[in-house]
Chemist: 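There's a structure below that I have some questions on.
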2 protein chains.
Amino acid sequence: MNMDTKTEPAQASSTKLLDAAVHVIRSKGYSAARVEDICAEAGLTKGAFFHHFASKEACAIAAAAHFAANADALFDAAPYSLLPDPKARVLGYVDFRKAILQGELPQFTCLLGTMVQEAYESHPAIRAACDRYISEHAGRLASDIAEAKARYAPDAAWTPESAALFSQAVLQGAFILAKARHGPKVAADCLDHLRRYFERLFESGAPEPATP
Amino acid sequence: MNMDTKTEPAQASSTKLLDAAVHVIRSKGYSAARVEDICAEAGLTKGAFFHHFASKEACAIAAAAHFAANADALFDAAPYSLLPDPKARVLGYVDFRKAILQGELPQFTCLLGTMVQEAYESHPAIRAACDRYISEHAGRLASDIAEAKARYAPDAAWTPESAALFSQAVLQGAFILAKARHGPKVAADCLDHLRRYFERLFESGAPEPATP
DNA sequence: ACGACCATACCGACTGGTTGGTATGCACCT
DNA sequence: AGGTGCATACCAACCAGTCGGTATGGTCGT
């Protein structure tokens with residue numbers, strides 16, 4: 001009935017390794033992240049690592065999935081997602097992303113963007129995983145944007161998908177600038193601009209949409 | 001009077017190494033870029049490499065400067081920079097950045113953004129160099145934005161500096177998405193959104209500014 | 001109940017290829 | 001003669017991945 005043999009908290013070792021991999025790779029990048037770094041961070045050894053993952057690359061791909069799943073849960077649980085107005089949800093998303101720019105850089109930067117920078121040519125499987133999870137996340141945002149567009153800017157030339165990807169680009173770029181500046185302030189400024197962009201996109205057509 | 005000993009074109013070896021370093025690091029990232037990769041790309045050997053650079057890190061920092069100098073020259077020579085209207089220069093910058101999204105990914109992505117992702121924690125000197133050159137480039141753009149703002153949106157709440165950094169974020173993020181998707185199309189779409197943002201920022205106040 | 005048997009989980013020493021960096025020497029120029 | 005520019009050969013550290021071994025717990029025949 002219970003699955004932990006020790007007195008330890010029941011967190012599975014593979015989860016510990018994945019959490020550690022996410023953290024180490026976010027700090028140093030994929031290539032510079034040593035397997036032993038990940039093991040040390042997880043409080044385990046290489047034996048455990050290669051018991052759970054066939055290779056470092058396989059671990060990175062699993063870490064990408066782990067990271068994406070955590071992110072999904074985080075955004076699902078965020079209060080803005082319950083707002084009835086899709087425009088408010090889109091702006092709420094931006095505000096929420098700004099609000100979680102807290103703590104050290106490896107705690108809020110994006111594993112997927114970090115990894116794909118280094119791995120896009122040399123590790124096709126990693127590139128594919130990052131592409132998939134970034135696109136999935138953008139797709140969720142695109143739904144809200146599409147709804148908001150239908151209501152507030154139905155005739156605009158841009159597509160919801162491209163606007164969602166644009167948001168992801170702003171975020172990824174904001175993380176790069178935050179790393180360069182060694183602090184999240186620049187990133188917050190960038191999100192202010194993104195918010196203003198969405199405000200303008202959704203303001204022009206219908207200040208107050210009439211209910212049908 | 002001439003400085004080349006062979007029949008080869010007179011390009012200095014150190015320039016060849018820097019060009020090679022830029023290309024290799026843009027392809028694989030800093031950590032995965034081996035010194036021998038750079039040497040091979042330059043058609044030289046490690047003897048030459050360590051004759052010109054004290055370490056791999058020193059080469060990377062020199063490559064960042066080299067890359068920034070090349071970029072400066074490129075944008076100085078671009079036709080948009082001669083436009084009299086600052087708003088046209090800002091939009092021309094975006095258009096120009098979109099226009100140079102050609103060829104393979106390592107040919108148009110940003111060395112600075114790529115490096116700082118991996119190096120921001122472990123290699124402070126690289127981080128500082130990337131920060132400096134990104135900020136300098138943004139500063140040049142900020143001048144045009146400031147002029148355009150003074151003319152077209154003098155009362156707006158945002159600062160030219162933050163708008164310039166926002167543009168850099170969009171670009172950096174667009175490169176990440178392009179790497180994830182393995183093609184420049186997403187990046188071009190992102191630049192369309194950035195252009196639209198600037199259009200809106202500069203349209204509201206004064207459609208046609210009166211000359212003083 | 002009990003031991004034989006096996007699977008899972010994990011440890012940690014070891015290996016072999018890799019890689020940043022060094023030592024040395026040579027060719028050419030001034 | 002001496003210095004610059006570069007090649008070749010080499011070294012020592014590093015690191016992904018291997019492997020033999022241990023511990024634990026579940027299953028099944030008896």
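A, B, ... follow the sequence lines: proteins, then strands. Residue 1 opens every chain.
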Chemist: Report the residue from B/Lys28, B/Gln172, B/Lys179, B/Arg26 that forms a side chain to side chain donor-acceptor pair (under 3.5 Å) with B/Thr114.
Modeler: B/Lys179

Chemist: Which word best sums up how the rings of B/Phe202 and B/Tyr152 line up, parallel for under 30°, tilted for 30 to 60°, or perpendicular for over 60°?
Modeler: tilted

Chemist: Starting at CD1 of B/Ile25 and ending at P of C/dG20, how long is that distance when rounded to a whole Å?
Modeler: 11 Å

Chemist: Report yes if at least one side-chain N or O of B/Ser55 is closer than 4.0 Å to OP1 or OP2 of C/dG20; otherwise report no.
Modeler: no

Chemist: Just say parallel, tilted or perpendicular for the rings of B/Phe75 and B/Phe96, cut-offs at 30° and 60°.
Modeler: perpendicular

Chemist: Which residues, if any, of residues 30-45 of chain A bring a heavy atom under 4.0 Å of DNA chain D?
Modeler: A/Ala33, A/Arg34, A/Val35

Chemist: In whole angstrom, give the distance that lies between atom NZ of A/Lys56 and atom P of D/dT18.
Modeler: 15 Å

Chemist: Between C/dC10 and A/His52, is there an OP1 or OP2 to side-chain N/O distance shorter than 4.0 Å?
Modeler: yes

Chemist: To the nearest Å, how far apart are B/Phe50 CZ and C/dG21 P?
Modeler: 5 Å

Chemist: Would you please classify the geometry between the A/His137 ring and the A/Tyr93 ring as parallel, tilted or perpendicular, with 30° and 60° separating the classes?
Modeler: tilted

Chemist: D/dC11 P sits how many Å from B/Lys46 NZ, rounded?
Modeler: 13 Å

Chemist: Rounded to whole Å, please give me the gap between CZ in B/Phe49 and C1' in C/dT19.
Modeler: 12 Å

Chemist: Fit a plane to each ring of A/Phe108 and A/Phe175, take the angle between them on a 0 to 90° scale, and name the class: parallel (under 30°), tilted (30 to 60°) or perpendicular (over 60°).
Modeler: tilted

Chemist: Are B/Asp189 and B/Lys185 close enough for a salt bridge, meaning some N to O gap below 4.0 Å?
Modeler: yes

Chemist: Verify the contact: side-chain N or O of B/His51 to OP1 or OP2 of D/dG5, cut-off strictly under 4.0 Å; return yes or no.
Modeler: yes

Chemist: What is the distance, to the nearest angstrom, from the CG atom on B/Leu17 to the P atom on D/dG5?
Modeler: 12 Å

